[in-house]
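Here's the structure, in structure tokens; my notes come after.
Quick note on labels: first sequence line is chain A, next is B, and so on, each numbered from 1. Below, each value reflects all heavy atoms present in this structure, side chains not excepted, and no hydrogens, waters or symmetry copies. Values in this document were obtained by computation on a predicted structure and should not be read as measured data.
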Amino acid sequence: GAVVSQHPSWVICKSGTSVKIECRSLDFQATTMFWYRQFPKQSLMLMATSNEGSKATYEQGVEKDKFLINHASLTLSTLTVTSAHPEDSSFYICSARWGRYYEQYFGPGTRLTVT
Amino acid sequence: QKEVEQDPGPLSVPEGAIVSLNCTYSNSAFQYFMWYRQYSRKGPELLMYTYSSGNKEDGRFTAQVDKSSKYISLFIRDSQPSDSATYLCATSNDYKLSFGAGTTVTVRA
């Protein structure tokens, strides 16, 4: 149980375009979903937290107009990187939790390369 | 000061050895403690989850929490080459996790 999927697993886009990444909880209803960014050989950096039907809460320093998060349902959250630039190239990982449980279950990640 | 400190290693051990990993944390309010395993270019996988102080065992894995010293540990017995990965500790007192830097472990066949 507690499976989280992400799509796509890898995407290349041109500078200036937008990219959407989907995160789905497959076998549970996610109370909260999280989006992280990870640079090579570094730990996870929380970007934002989203609850179904509510606006996302962004961490300090994360541009909410650049990283649009939509938590449309209890099983789906999307991250859209708008007007992507090469410095946005990174590994983006989502996670989900449910109910009163504090542990988070992570998706397999999406590798974004902006050329 | 980071909320969670973890030695990034790398740590290299022969197959069959005991792997010992640890983290320290600064916030005494943390009550939930987790260990994640992350293979290269993959998302983290939850290995162990403990609440408050004590030990928890699951197969070859043992997690220990000592809240008095703000110290958490993970032990892997009879290590296998498939255990080669980065191990991240994480703590929480609410819905957000604070992660350590991750320790890269290599188990040599």
Between A:Glu59 and B:Lys96, does at least one N-O distance fall below 4.0 Å, as a salt bridge requires?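 Looking at A:Glu59 and B:Lys96, the cut-off is met.
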We want to know whether A:Trp35 and A:Ser50 form a side-chain donor-acceptor pair, criterion being a heavy-atom distance below 3.5 angstrom.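 Looking only at side-chain atoms, A:Ser50 and A:Trp35 do not form any donor-acceptor pair under 3.5 Å.
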Checking heavy atoms, do the side chain of [X], its backbone, both or neither come under 4.5 Å from chain A?
X: B:Tyr51; result: neither
X: B:Leu88; result: side chain
X: B:Gln38; result: side chain

Please check if the side chain of B:Ser92 supplies one atom and the backbone of B:Tyr32 the other of a donor-acceptor pair under 3.5 Å.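 No, B:Ser92 side chain to B:Tyr32 backbone: no donor-acceptor pair under 3.5 Å.
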Within 6.0 Å of NE2 in A:His85, more than 12 heavy atoms from elsewhere: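 Yes, the 6.0 Å shell around NE2 holds more than 12 heavy atoms from other groups.
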Among A:Thr49, A:Thr110, A:Leu44, residue most engaged with chain B (heavy-atom pairs, under 4.5 Å):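 If we count pairs closer than 4.5 Å to chain B, A:Leu44 comes out on top.
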Is the terminal nitrogen or CZ of A:Arg111 (NZ for Lys, CZ for Arg) located under 6.0 angstrom from the six-membered ring centre of A:Phe91 and within 45° of that ring's axis?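 Satisfied, under 6.0 Å and within 45°.
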Counting only non-hydrogen atoms closer than 4.5 Å, does A:Gln38 touch chain B with its backbone (N, CA, C, O), its side chain (CB onward), both, or neither?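 Only the side chain of A:Gln38 comes within 4.5 Å of chain B.
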